[in-house]
Every structure is written in C-alpha cells, then in structure tokens.
Amino acid sequence: MADDQRSKNDYKDTLFLPATDFPMRGGLPKKEPQILKRWEEMGLYKLLREQSKGREPYVLHDGPPYANGHLHMGTALNKTIKDIIVRTHQMMGYDANYVPGWDCHGLPIEWKVEEQFRGKGRKKGDVPPSEFRTECRKYAAKWIDIQKAEFKRLGVVGDWDHPYQTMDFATEAAIVKEFLTFAEKGLVYRGSKPIMWSPVEQTALAEAEIEYHDHQSTTIWVKFPFKDAPPGLEGADIVIWTTTPWTIPANRAVCYGPGLSYGLYEVESVREDLDFAPFAKPGDRLILADKLAEEVFAAAFVARYKRLGDVSPSQLEGAKLRHPLEGHANSYDFDVPMLPGDHVTDDAGTGFVHTAPSHGQEDYFAWLGAGLPLDAIPYTVGPDGAYTDEAPGFEGMKVFRTEGKKAGEEGDANPEVIKALTAKGSLLARGRLIHSYPHSWRSKAPVLFRNTPQWFIRVGTGEGSLRETALKAIDETTFYPPSGRNRLRGMVEQRPDWLVSRQRAWGVPIALFVDKDGEPLVDADVNARIVAAITEKGADAWFDTPDAEFLGDKYDPADFEKVTDILDVWFDSGCTHAFTLEARDDLTWPADLYMEGSDQHRGWFQSSLLESCGTRGRAPYKAIFTHGFVMDDKGRKMSKSLGNTMLPDEVTNKFGADILRIWVASSDVQEDIRVGDEILGSAVDAYRKLRNTLRYLLAALDGYTEDEAVDFGDMPDLERYVLHRLQEVDAKMQASFRAYNFKAAWRALSEFVIQDLSAFYFDVRKDCLYCDAPSSMKRRATRTVMATLLDAVTRLLAPICPFTAEEVYDHFPAGLGEKKASVHLLAFASVPETYRDEALAERWAKLRGIRRVITGAIEEKRNEKTLGASLEAAAGIHIEGDLAELAKGVNWAEIAITSQARLGETPGASDAFRLGEQPGISVVIEKAEGNKCGRCWRVLPEVPEEGALCGRCKEAVEA
RNA sequence: GCGCCGGUAGCUCAGUUGGUUAGAGCGUACGACUGAUAAUCGUAAGGUCGGAGGUUCAAAUCCUCCUCGGCGCACCA
C-alpha cells in the first residue's frame, strides 16, 4: 500500500496538471476598487478615446440623474445598462464615447436647502435669492461628487472628469438661449392657469408640498336665472352648490352632466317651525338632478315640493345664465354659459357645477375645452389671497387671513360674498361642511387654487405645429421595445401646451422682457446680452443686472417688465442634446440612442423631443431604449415602509459590481425586473461557474505560446466542433449586443461555457491535456482551441464583467493574445467564419445524444454500487438505424470518459440501458478488464500490473 | 378612474407565421470523483403556461372578460 501510494505520487509529477495563480474566489469587493484605481492611473478613458479616433462614432446620450441622494437600484440598473451598451459598441469597433451628466435645478434641492437654512434659524424669505442659489449650487455639487464615485464603483466608463451639469454657467446660458429660440419662433406665449397657491407663504405649491386636513367650510346653494329660458323652463333657476363661496365672483360658467337625469321642481311650502325665514319661497322653480333634489330641499328647509317634469340635458345645451351677482357694484352683467362636463356627477351637490376657471383645474379645462378664451378668465385673487379689482365690490377682501396668529383662518371674502348674494336674492341655502381640504405642509394654512399668469410653449395642432413635427419625429425613431412608440405617440398627441414657467428660485430664469401688452420682447441684441451675462455669472445675472444693461439704448426699461419665473426643469434636461451633443467636438448630434426607464416617455424622451423639434425640426435621437423598474423578489415596488429595499452599495460591498452587472445582463431589462437574495444568489453562482471555467482555461494554458498552435485544418473533429460552437456563440452574442438584447447574449455565453466547455469539452480532453506528451498533435490542438476560447470568451465577457475580464486578461499566459494595457482596449475577437461547419455540428449533436445514453448507463451502475469512476467502465454500445454509421470511427471511450468501449455489438438483452429520448441506442456497462494505469488511471489490458503504465503514458513519461 | 406594459418550473429566461409528450441554465435531491477540490462530473424530481370563457381539427401562442403587478396621468426628477 505504501508503495502504491508512492508510485502514484511519482507519476503525478509527470502529469501536465493545470497551474495558475488566478484565484478560485474573486474577492470582488476588495479587488474591484484596486482594478478601478489602475484604470484611473492608466487613464483608460483617455486611452480609449485616443485609440478610437477616426472610428465611426456611436453616441449613447446620458439622461441626467437628479443630483440629490445616493444611488438606488434603479439608477444602478440604468447606468449599468448604459455601460454595457457603450462597452459592447466600443468593442464592436465604434468610437463609443460616453459623457455622463446631472440634472441640478429643481424643487427637491430647494427643499433640502431651505431645510438647511431653517436649521440655522433663517427663513427662506430672509435669505437673499442669490445666496439661496449659491447654497443650492453647493448642495448639487456635493451630491454630484458622491454619485460620481458610486457610478464609477459600478464599473461605468465615461468622461467623468468632464460631465455635463445643468447648473454650469455656460449651460444655464445655453438653456436660456434655447428658450429664447422658442420665443424668436413665436412659440412662447403668456397664458393663465390655476395652481395651488399658499397665500400665507405667497408661493406656488407642488402636489408633494400639500397635505390634507379637515377644514370647516361654509357651503352655499346659489340660484342662477336663465338669460333666455329654454321653452318650458321659464322662471326656473339652475342651482349650484359650492364649498368656496369666495369663488362666486370668479364664476364664469355652470357645468351640467350630459348623462344625468334632471327635473324641474317647484317649492310648495317651507318649514314654519323655524325662528328665521328660509331663503326659499313657495313657488320657486328650481332645476336639480333628480337624485339630489330631496337633499337640496332639506338643506333649503323646504317642507313640500313637487316635480313638474323632466329636464333633459340636451335642453340645457347652449343655454345662457345670468350671474348671481348681476348688478353688484354695477358689474357681473355678463353671460354665464352652460357647459357639458363629464366631471359632473350626481353624488353630491345639485348636479350642476359652479365653474370658476381661475380656481379649479376641472373648471379651467371645462372652460378651455368649450373653446372659450383664455384671456376671459379673470384674476380675482392676488398673491396675498385678497380680491383684485377684477372682483368688483370685493376689492381687498381676503379669502384667508395671512398675517399674525390667525393666519390661515377665514377672512372677509366668504361672508361678504354671501351677504351680496343674499341681497340679490340669489341664495337658496347655506350650511357648513367639514371636509378634507389641501393645506401647505409648511405653514399648515389652507391653500387655494389661484389663476396666475404662466408661460407656455405652444405645442399646437395641425399643419406646421410643434406637435405635428414631434409626431413625425416619433415615426422616424426606432423604439426598443417597439411598444414605446405608441406610448410616446399617445402622450404627444394628448398633451396640452407645455407649461414652462415655475414660481421658484433654483433654476434657469425665463429671461424675457414683457411689454405693456404682455408680449415678450424678441430682439437678437438684447438676447445676446442676456446670454453673455449668464454665461459669465450664471442665472443670478438675470436677476441682479439692471434691466437697462440688457435692454440697451433701443428700449426704455419703464416700458418693460422683467419675468422673474424660472423654467420647468424638464426644459433644462430637454436641452441636454444642445449643450452636450451639439456643443462637444467629441460627440455627434443626433444621438444614436437615448436609454432610460419607461417613466421617461413622459419625461426626458418627450421634453427632449419637443425641445429639439421646436428648435431643430427633428428628434435629438435616432433610437429610444426603455428599461423597466426594479422590484423586490416578489415583484413589488421597493419602499422603505415595506422594508424591502436594497441598495447598489450593499450589493457591491457584499458581492461586487460584476455580480450586480450579471444580474442586469441576465434579466429582461425591458420589463420590470426583480432583485432579492435568491436572485443575486444565482448571479453569484453563475459568476463562480464562469470564473472557474476561465480559471481552468488559464491553468490548462500554463506556458502556452503561439509556437504550439495547430492549424484549423489539422485539428481533430472535436476541436473543430468546439470552434464551430465558439463561432456560433460569438455571432449570436454580437448580434444580441447590437440589438440591446443582453440577456440573450448572457444566456448564449453561460450555456456555452457550462454545457459545451465545462461539462463536455474540458471533461473529455482532460485525459489528453494531463497525460499526452506536450508534443502530441492532439494535445497541441486542444491547447490551441483553449487559447482561442480563452481569448474570445474573455473579450465577450468584458462588457458585462469588466473587472473579472481584466483580472483574467492579467493572467493570460505570456505567449497568448494581443497585448494591451487593458482588456477594454481590445475589440471582440474575430472568430473566423470558416470555423462554421453546420454538418459537423449536427453530427456532434447526435454523438452527444449517444453520449448521454452512456452516462445514463454508468449512472445506473453507480446507483447499484457496482461502479464508481467512469474510468472503471467498459461500454458496450449498440446503435440501430442511420445513427450507427455516424457513430463509427468515434473513440467512444474518449468521448464518454470510460476506459474501454465497443461499438456495434449485439445489444444486451433486456438489461441493456436505454433512454426514451434516444431511441435505437442501448448500452451495456461492464467493469473494464485489465489493470489501472498508475498515471492516467485508465483500466487497460495492456497495463501489465495494477499501477504500472499504459503504452501512451510510458511514451509520454519517457519523452 | 383613464392610457400603456406585463404575468411560462423555487429563481432567471427560451418558446419562431397557433401544429408531436412546453424547453434550457441555475437552485434542490441523490450519487460519483478527490489530478479544476469551499471545485468538477452524472442522474432525477419540479409546470392545470395568472384565471374564466370563446375562435379552431389544433391555443402558452388569436379574441373577450376578470385578476394580480408595474409605469404615466401638468410646479415631479
């Protein structure tokens, strides 16, 4: 026994066992930062650009993330996909330059900075705007630095030293210039729109700045007489109900529901058990929704009433009413049209909706939808919540108090309006209601919808409109997936004009002067001075520079008003193509691709489209790719409250960026994708398998040089088959990369590596590799193929796992492959088309089918405990039909890793092993006869005694 | 509520113009090896293709409804 042991070890030294210092385990969390550092030091990005000078450009234009907060899985997904796209195109031979960018302006940063100031005991109103903006700028810059480091950690390659930032002075100026181009084209106009307004803080509020609290409102039922009553409705009044009496002076229409059932009612008697006289009088004729009549009469203290007949909505069509305040302060003597509206229901109220287009979204749209003019909408309430002179008779009265301890409480407006209505006899009833009402989350005071002047970009409709240009541009764009086209198209078809003004501080100014008629001044010289000033000093220049300096000698500042609103941040990001793609020499316009989450159909894809179509007549992109959102492992949205969140940082720290990237590459990113421990676990498993296979290749190729290489024509069938498969996989992967179908590429790669290489080719060739003499043609052919595999697979892996590919490349045998400073400076390998041999592939597919029967037969013996290693076996194979011819001349012992094999013998009777899926093949496994070769472990009759050498090994050892 | 997208084994994905018993890899179980060894190899068990109707000789695939989930729906990036 001791002797056997020794001789075994002796022969072990004569084997050519794999050797490499490439570690089995990646240790990615530690190793990746080191590799990153090296790339940084060698200036990889710069080397890439220098090397690809003159190549056809491929431009993926980065949609800017918001410069606030750490990365989440969604941003990591986004940047990883982009990086894979950029890297694959670079390796396919393009100059794929990637310039990342950031969106810096906007409300979320304002909030954070306000918070900072409040922390120091300063209110926003106390901080000079320029100081406030400086702080916003600092805040954004801080997060850009943090995010930049986080993006780099994911392995994203790009011009991180020169990203674009929407807050750069030159960029702010460029955005202003773009906006002024719209103005020059006559596409900018001042309109009007009701927005949430806090009179206490005198600011517009976003939906997210609103919270809802119970609020007690005075409700009123108001009668509107007909101007010319439709036949049969003479003397009847339309009744509305409202919780905001103060909006009555702004009333301009009454909406009815075209699908509701209405009736004409008459009051017969009122209650007499009261200590006051109800407003309603016997004989009053009222029109009400049938479902609500009873309720209304109860509120009006009507004791008895009768229904006189139906009122069909069609009778109301086109009817005109008189304002309930008609004659008050000698005013309100205009027609109040009745408008159909689907928003009108008979769930509450009267079935008629008091419509004040300056105080409600639905009112506003009902008004515009009826084709009524924007400029007929009054501004009845000012910034302080007080009536303006467009509310005659109520000027200066406040809806809510805005000063002192009682700020937020009801002002004079409601009581005064009610008084006036009562005087006119227009009031039918009044009451109180506690209901949920929007309040400012800062001051907790109630807010109101207030009509304010706003700036719009005209999208328009029909020939020559921006909408038409945009729709045409959508037709000319390629969408991945194709359904994106309809989605974007639908949104562009539906959307209203682009509201671009915001009453905020942190953003690019709407740098316009408005004349006395409300028209923007369009003058090239003035605009040039504005752009020059902002280029030099940023947005502050617009606010701080005296008007005269911009207006020059031609205009009198007294004739113009300076707009102090800022631009919608979507306009900023809509301009990235202009100030990045167009402005930089190392990029091209339009972009080959915009790649973002599907939410950007409504965001950046659209704002960029409109901006570019308005100024340049076409889309700034040739194609759009959309990805889905990151969900938890059950497909649910991630949220802090559910506790199912995961951060990219946790993934890279625990597993490494390459693992995160495999997760991305193996998922269907065009849909929502899931992430969780199990899912990342499979990415880790896949990684391990891949890494080990590459490690095996490195080890098998220890000491390999080109001198050893064998010509394709001189290779055994098996080698040619493997090269065929490599060619197939390479072609498939590159085609998939081109179509942005990474999961197909990943699948092709991992199935090839696992099934064809690890489980088949390597296993079969192990004996040859370890035991044959280095001079043997077969062994040389094997190593030639393995060298080709290592080179090609490493390159194919590089865009997906840039860190590991680099590590593998570092360990390449000295005599192998193209030498560059980094694997990322290489192109994909050119696997020759001549490797393709479909007939050979078909043959091997069948041979592998036969092999499966043999392995199955061996397994059966193992289960019977009569066999351990497959080398203990001798296979007796019988094949019927066409397959028999095919199997001839194949070294089955080698292919099936048995010691011996005989083909074509009479099938073993009933005990022969068969597989249902491989009909006509039967295999009998027996113990191989002979002795075990002490070196290669095959059991052969030629081996004189147990542990001695077989003929092949003897030669190899002696050579 | 409205618009768009999706639901195939525990997980990630294939399923070509509707056409044999719906596939692969991973994971799992069991086993082998101990010369890829915290690796490698083998075998096996897993699916009423979200549900219900319908069209058809034939449906994961086409139609309708339902259900579950996602994105968007104007001061929010």
Side-chain angles (χ1 to χ4, degrees), chain A residues 8 11-12 15-18 20 24-25 63-68 103 105-109 193 195-196 203-209 361 454 481 483-484 486-488 490-491 494-504 507 565-566 568-570 572-573 597-604 626 628-629 631 633-637 663 666-668 670-674 676 678-679 681-683 685-686 688-689 692-693 695-697 699-700 743-744 746-747 750-751 754-755 758-760 762-763 766 770-771 852 855-856 858-860 862-863 865 867-871 897 916-917 935-937:
Chain A
K8 229 181 183 175
Y11 288 128
K12 184 168 179 174
L15 290 171
F16 308 104
L17 293 177
T20 180
M24 193 148 107
R25 296 176 63 102
Y66 195 61
N68 180 22
D103 211 351
H105 297 127
L107 194 53
I109 289 178
K193 187 182 173 300
I195 55 173
M196 298 261 227
T203 180
L205 293 177
E207 183 62 40
E209 293 171 298
Q361 293 279 348
Q454 300 288 345
S483 56
N486 280 340
R487 186 163 180 184
L488 188 57
M491 286 175 170
Q494 299 289 319
R495 68 157 301 141
D497 284 351
W498 187 356
L499 169 61
V500 288
S501 52
R502 297 291 129 97
Q503 289 74 51
R504 295 287 175 178
D565 290 351
I566 60 160
D568 176 12
V569 283
W570 284 111
D572 290 17
S573 60
S598 57
D599 56 335
Q600 297 302 326
H601 283 107
R602 124 91 189 108
W604 192 54
T626 45
F629 282 71
M631 302 293 138
D633 48 4
K634 293 186 189 76
R636 300 193 173 259
K637 187 161 46 176
W663 164 68
S666 62
S667 302
D668 184 1
Q670 299 206 351
E671 294 297 331
D672 289 344
I673 72 174
R674 301 177 183 206
E678 186 182 1
I679 293 165
S682 12
D685 289 331
R688 253 190 228 133
K689 184 74 190 186
N692 262 304
T693 308
R695 176 169 182 265
Y696 187 70
L697 278 171
K743 68 180 195 296
W746 172 254
R747 203 177 146 85
S750 66
E751 289 188 0
I754 292 166
Q755 299 177 71
S758 185
F760 177 61
F762 294 172
D763 215 28
K766 215 175 263 188
Y770 295 177
C771 304
R852 261 196 295 281
T855 52
I858 293 170
E859 187 62 18
E860 194 181 51
R862 281 201 188 113
N863 290 337
K865 302 287 174 201
L867 203 73
S870 63
L871 280 177
I897 320 181
E917 64 189 54
R935 183 164 174 272
C936 72
W937 296 347

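First the proteins, then the strands, lettered A, B, ... as listed; each starts at 1.
- A/Tyr66 comes within 4.0 angstrom of sugar-phosphate atoms only, judged by non-hydrogen atoms across all strands, and of no base.
- You'll find that the side chain of A/Met631 is closest to B/rG70, out of B/rG70, B/rG6, B/rC41.
- Residue A/Ser750 is out of contact with every strand shown, counting any heavy-atom pair closer than 4.0 Å.
- Atom name C1', nucleotides B/rC68 and B/rG51: the rounded distance is 10 Å, in whole Å.
- Remark: A/Arg747 pairs with no residue by the side chain to side chain donor-acceptor pair (under 3.5 Å) rule, at least two apart or across chains.
- Taking every side-chain heavy atom of A/Thr693 into account, B/rA36 is the closest of B/rA32, B/rC41, B/rA36.
- What separates CD of A/Gln494 from C1' of B/rC4 is a distance of 12 Å, to the nearest Å.
- For A/Asp672, the listed nucleotide lying nearest its side chain is B/rG70; candidates were B/rG70, B/rC41, B/rA36.
- Phosphate contact (OP1/OP2 of B/rC71, side-chain N/O of A/Lys637, threshold under 4.0 Å): present.
- Nearest nucleotide to the A/Met491 side chain, out of B/rC71, B/rC41, B/rG72: B/rG72.
- As rounded to the nearest Å, B/rC2 and B/rU20 have P atoms that lie 39 Å from one another.
- Here the closest non-hydrogen pair linking A/Gln454 and A/Leu499 is CB-CD1, 3.4 Å.
- When heavy atoms are screened at a 4.0 angstrom cut-off, A/Ser758 is found touching base atoms of the nucleic acid.
- In this structure A/Arg602 satisfies the salt bridge (charged side-chain N to carboxylate O under 4.0 Å, His left out) test with no other residue, sequence neighbours excluded.
- In this structure, the CH2 atom of A/Trp746 is 11 Å from the C1' atom of B/rC26, given to the nearest Å.
- As rounded to the nearest Å, B/rA44 and B/rA60 have C1' atoms that lie 26 Å from one another.
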Exercise. List the steps and the verdict of side chain to side chain contact (heavy atoms under 4.5 Å, CB included) for A/Glu678 and A/Asp633.
Key: CA-CA 8 Å; A/Glu678 186 182 1; A/Asp633 48 4; 6.0 Å; no
Quiz item: Using Watson-Crick and G-U wobble pairs with both distances under 3.5 Å, what is the 5'-to-3' dot-bracket string of RNA chain B, with [ ] for crossing pairs and | for pairs outside the strand?
Solution: (((((((..((((.....[...)))).(((((.......))))).....(((((..]....))))))))))))....
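- When the P atom of B/rG15 is taken as reference, atom CZ of A/Arg747 falls 8 Å away, rounded to whole Å.
- For the pair A/Gln755 CD and B/rA24 P, the computed distance is 9 Å after rounding to whole Å.
- Contacts of A/Ser501 with the nucleic acid, taken as non-hydrogen atoms under 4.0 Å apart, include base atoms.
- In this structure, A/Lys12 and A/Leu17 have side chains that are in contact, with non-hydrogen atoms separated by less than 4.5 Å.
- A/Glu671 pairs by the side chain to side chain donor-acceptor pair (under 3.5 Å) definition with nothing, not counting sequence neighbours.
- Between A/Ala686 and A/Pro65, the residue whose closest nucleotide on RNA chain B is further toward the 5' end is A/Ala686.
- A/Ile679 comes within 4.0 angstrom of sugar-phosphate atoms only, judged by non-hydrogen atoms across all strands, and of no base.
- Evaluation of atom-type donor-acceptor distances gives a pair under 3.5 Å for the side chain of A/Trp570 against the base of B/rA77.
- Among the protein residues, A/Pro18 comes within range of no part of the nucleic acid, since none of its heavy atoms lies under 4.0 Å from any strand.
- Distance from the side chain of A/Ala869 is smallest for B/rC33 among the nucleotides B/rC33, B/rU40, B/rG25.
- Among the protein residues, A/Lys634 comes within range of no part of the nucleic acid, since none of its heavy atoms lies under 4.0 Å from any strand.
- Closest to the A/Arg602 side chain, of the nucleotides B/rC13, B/rC26, B/rC73, is B/rC73.
- Computed from coordinates, the A/Lys689 NZ to B/rG27 P distance equals 8 Å when rounded to whole Å.
- Here B/rU40 presents its C1' atom at 9 Å from OH of A/Tyr696, a figure rounded to the nearest Å.
- A/Arg495 places its CZ atom 17 Å from the C1' atom of B/rC4, with the value rounded to the nearest Å.
- B/rG15 and B/rG23: their C1' atoms are spaced 7 Å apart (whole Å).
- Note on A/Asn692: a base of the nucleic acid sits closer than 4.0 angstrom, heavy atoms only.
- Applying the 5.5 angstrom centroid cut-off and the 30 degree plane-angle cut-off, the aromatic ring of A/Phe16 is not stacked upon the base of B/rG35.
- Within the nucleic acid shown, A/Arg25 comes within 4.0 Å of at least one base atom, counting heavy atoms only.
- Checking B/rA39, B/rA24, B/rC26 against every side-chain atom of A/Met24, the shortest atom distance belongs to B/rA39.
- In this structure, A/Gly635 reaches the sugar-phosphate backbone alone: every heavy-atom distance under 4.0 Å involves primed, P, OP1 or OP2 atoms, never a base.
- As judged by a 4.0 angstrom heavy-atom cut-off over every strand, A/Ala759 is placed among residues touching the sugar-phosphate backbone only.
- Residues passing the side-chain contact (heavy atoms from CB on, under 4.5 Å) test with A/Arg688 are A/Val684, A/Asp685, sequence neighbours excluded.
- Every side chain to side chain donor-acceptor pair (under 3.5 Å) that A/Tyr770 has, sequence neighbours left out, goes to A/Tyr696.
- If you check every strand for non-hydrogen atoms under 4.0 Å, A/Gln503 touches a base.
- Remark: P of B/rC75 and CG of A/Asp572 are 16 Å apart, rounded to the nearest angstrom.
- A/Gly490 comes within 4.0 angstrom of nothing in the nucleic acid, heavy atoms only.
- Proximity of A/Tyr11 to A/Cys936: side-chain heavy atoms (C-beta onward) are nowhere separated by under 4.5 Å.
- Among the nucleotides B/rA32, B/rC71, B/rA36, the one closest to the side chain of A/Arg487 is B/rC71.
- Nucleotides B/rC33 and B/rA45 have their P atoms positioned 23 Å apart, rounded to a whole Å.
- A/Asp568 has its side chain within reach of A/Trp498: a pair of non-hydrogen atoms, C-beta onward, lies under 4.5 Å apart.
- Each of B/rC41, B/rG35, B/rC11 was ranked by its minimum atom distance to the side chain of A/Ser682; first place goes to B/rC11.
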Scan nucleotides 43-51 of chain B against the protein and return all N/O pairs shorter than 3.5 Å with their distances rounded to 0.1 Å.
unit_1	atom_1	unit_2	atom_2	d
B/rU43	OP1	A/Thr855	OG1	3.2

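- Considering only residues two or more places apart in sequence or on other chains, A/Trp746 meets the ring pair (Phe, Tyr, Trp, His ring centres under 6.0 Å) condition with none of them.
- Each of A/Cys936 and A/Glu678 was assigned the nucleotide of RNA chain B with the nearest heavy atom; the assignment lying further toward the 5' end belongs to A/Glu678.
- Closest to the A/Glu671 side chain, of the nucleotides B/rG6, B/rC71, B/rG25, is B/rG6.
- Under the side chain to side chain donor-acceptor pair (under 3.5 Å) criterion, A/Ser667 pairs with no residue, sequence neighbours left out.
- A/Arg862 has no side-chain polar atom (N or O) that falls below the 4.0 Å cut-off from OP1 or OP2 of B/rG31.
- Counting any heavy atom pair closer than 4.0 Å across all strands shown, A/Gln454 reaches a base atom.
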